[in-house]
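One-based numbering along the sequence shown. What's counted below: heavy atoms across the whole structure, side chains too, no hydrogens, waters or symmetry copies.
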Amino acid sequence: MDQLILINLNDNPLAVLESLRFWVSTIKTFTTDNGGGRAPIILVGTHSDMVDQDKIKVKFSEVKKVIQIQNVNCIAINNAAEIDITKSQDHDPEDLKELREMILNCGLGIADEKLPARWIDLNIALDKKRSTGTTMISFEDLQKMDERIDVSLGDDESIKSFLEHFHCRGQLMYFPEDGKSDLILLEPTLLVKFLNKLMRTTESKDVSQAAANHDQSNQDGMVSKEYILQAAKELVPSGHVHKLPGILKRLKIVYEYKANAGDIPFYILPGLLPQFEPGTSESPCEKGPKLKITFSENHLNSGVPIGFFHHLLVAIMTDIEGVTIMEVEQKLQIYKTFACLQYLNIAVLIDISWERDVIYVHINSFATDVQLKDKGLDGFVRNIEKCIRTTMDIYRHTNAAYFLGVECPQHQDCYLDMKKLRESGKDMCKNRHLVVEGTVLPAGKATTTSLEHEVTIQDIKHDVNLIVDQVSL
């Protein structure tokens, strides 16, 4: 607690303050409700026995200033106090008792929440199932349980409402997809344990596009299906093992990659990819629009967590037709905070990066015979917006407002609000340059995504050629 210093984790520099900002940003972004409320935050300072007591309040004050939140609970823990695990919690150190009471008090609003009476029997049945050691069931299993209880919910929609509620309370995990075979995790930590196993055995080496197909190790975030299944076998019943890769794909945690149709696929875990090391590159023949994605400061005052960047990157690669990962000398150009993608043509490149809590998307053409206006960039941007909403919907982050901006053609790092630009037909950047709905995102040919609601010609038929006028004031 005495020092907020740089630490080194697997050769990746990580600032303690950056880690704090990451977690607080994640909590604020994904737990804020319509009324502006959010999940409680407790700052726990460890090793308080090694710090002068008069410094503790100063340290907590410094952290609050960094994370830009004053309404948080703080407690200092004395690590020198031993915990006797052979005795009850009544014999725990006083500061640990205080922490436990603080956590309970923070959760009283949820613990005291009222539930529909008709949910009680099914909830009791699920608790009994957990007590037998069962960690995972299918939606069909739950339907059969519902049929056997005295007060049955009776229909699928009521059961789904039941599951949605307890998912949001953290008592189970349910990510609906294809109906009866959907899996319900009765032990929410199961997914965490599974991901931990996937991420433990790591080898750092240059990975070609086929190197991870059969290897039983995690090579810089690229793994085989066999590797995933082996990790699953240690945690879930054999009948459900084969479904785990599908859950990871559904949650946009992994990306299934194969260079050619007949190749054996392997899986990419973006969070475990190596750091990007910028090098020299040719200047594009035609510079396209640069986009900025962040969570609205007006609503949340928080940046984009790197975890959301990884989910969104997987969604873009999975759901937008014509997007592939660029490959240079048999090495995929995808890293922890940067990816270079190709779009509809080998010469049209999309650089997508995460920098200081912001996602940037830059589209350029590297061929003289390829015009970006012919690639339907407006349709592509609309597809990115669909990917953002889809990713939020998967994780029930429906209250998170986001900002999507396009860089002013005349002023670097000055972004126009896409929503305002489309609604009013024009917008002015902070440098007094008026952009009338135009060439920054030409409509061109429409492309579709593989999402449930596809982009159609009707979606973009109102788009017109953009005209940029310089305003003299």
So which heavy atom on P245 is nearest to which on Y267, and how close? CB-OH, 4.2 Å
By ring-ring contact (aromatic ring centres under 6.0 Å, His included) - contacts of H362 (at least two apart): none
Sequence-distant partners of F338, ring-ring contact (aromatic ring centres under 6.0 Å, His included), two or more places apart: F276
So how far is it from [X] [atom1] to [Y] [atom2], rounded to the nearest 0.5 Å?
{"X": "L163", "Y": "L126", "atom1": "CG", "atom2": "CG", "result": "7.5 Å"}
{"X": "F266", "Y": "E226", "atom1": "CZ", "atom2": "CD", "result": "13.0 Å"}
{"X": "I363", "Y": "L291", "atom1": "CD1", "atom2": "CG", "result": "5.5 Å"}
{"X": "Q275", "Y": "D220", "atom1": "CD", "atom2": "CG", "result": "11.0 Å"}
{"X": "L244", "Y": "K233", "atom1": "CG", "atom2": "NZ", "result": "12.0 Å"}

[X]: partners by side chain to side chain contact (heavy atoms under 4.5 Å, CB included), with sequence neighbours left out:
{"X": "P284", "result": "K287, N364, F366"}
{"X": "V58", "result": "E62"}
{"X": "S158", "result": "R118, L153, D155"}
{"X": "A339", "result": "L313, I334, L341, I352"}

Side-chain contact test, heavy atoms from C-beta onward, threshold under 4.5 Å: evaluate it for Y402 versus R389 and give yes or no. yes
Side chains of T189 and E187: any donor to acceptor distance under 3.5 Å? yes
Are there over 12 heavy-atom neighbours, none belonging to [X], within less than 6.0 Å of that residue's [atom1]?
{"X": "K258", "atom1": "NZ", "result": "yes"}
{"X": "I346", "atom1": "CD1", "result": "no"}
{"X": "E277", "atom1": "CD", "result": "no"}

Counting only N and O atoms by type, is there a donor-acceptor contact under 3.5 Å from the side chain of [X] to the main-chain atoms of [Y]?
{"X": "R250", "Y": "I394", "value": "no"}
{"X": "W354", "Y": "H310", "value": "no"}
{"X": "N431", "Y": "H433", "value": "no"}

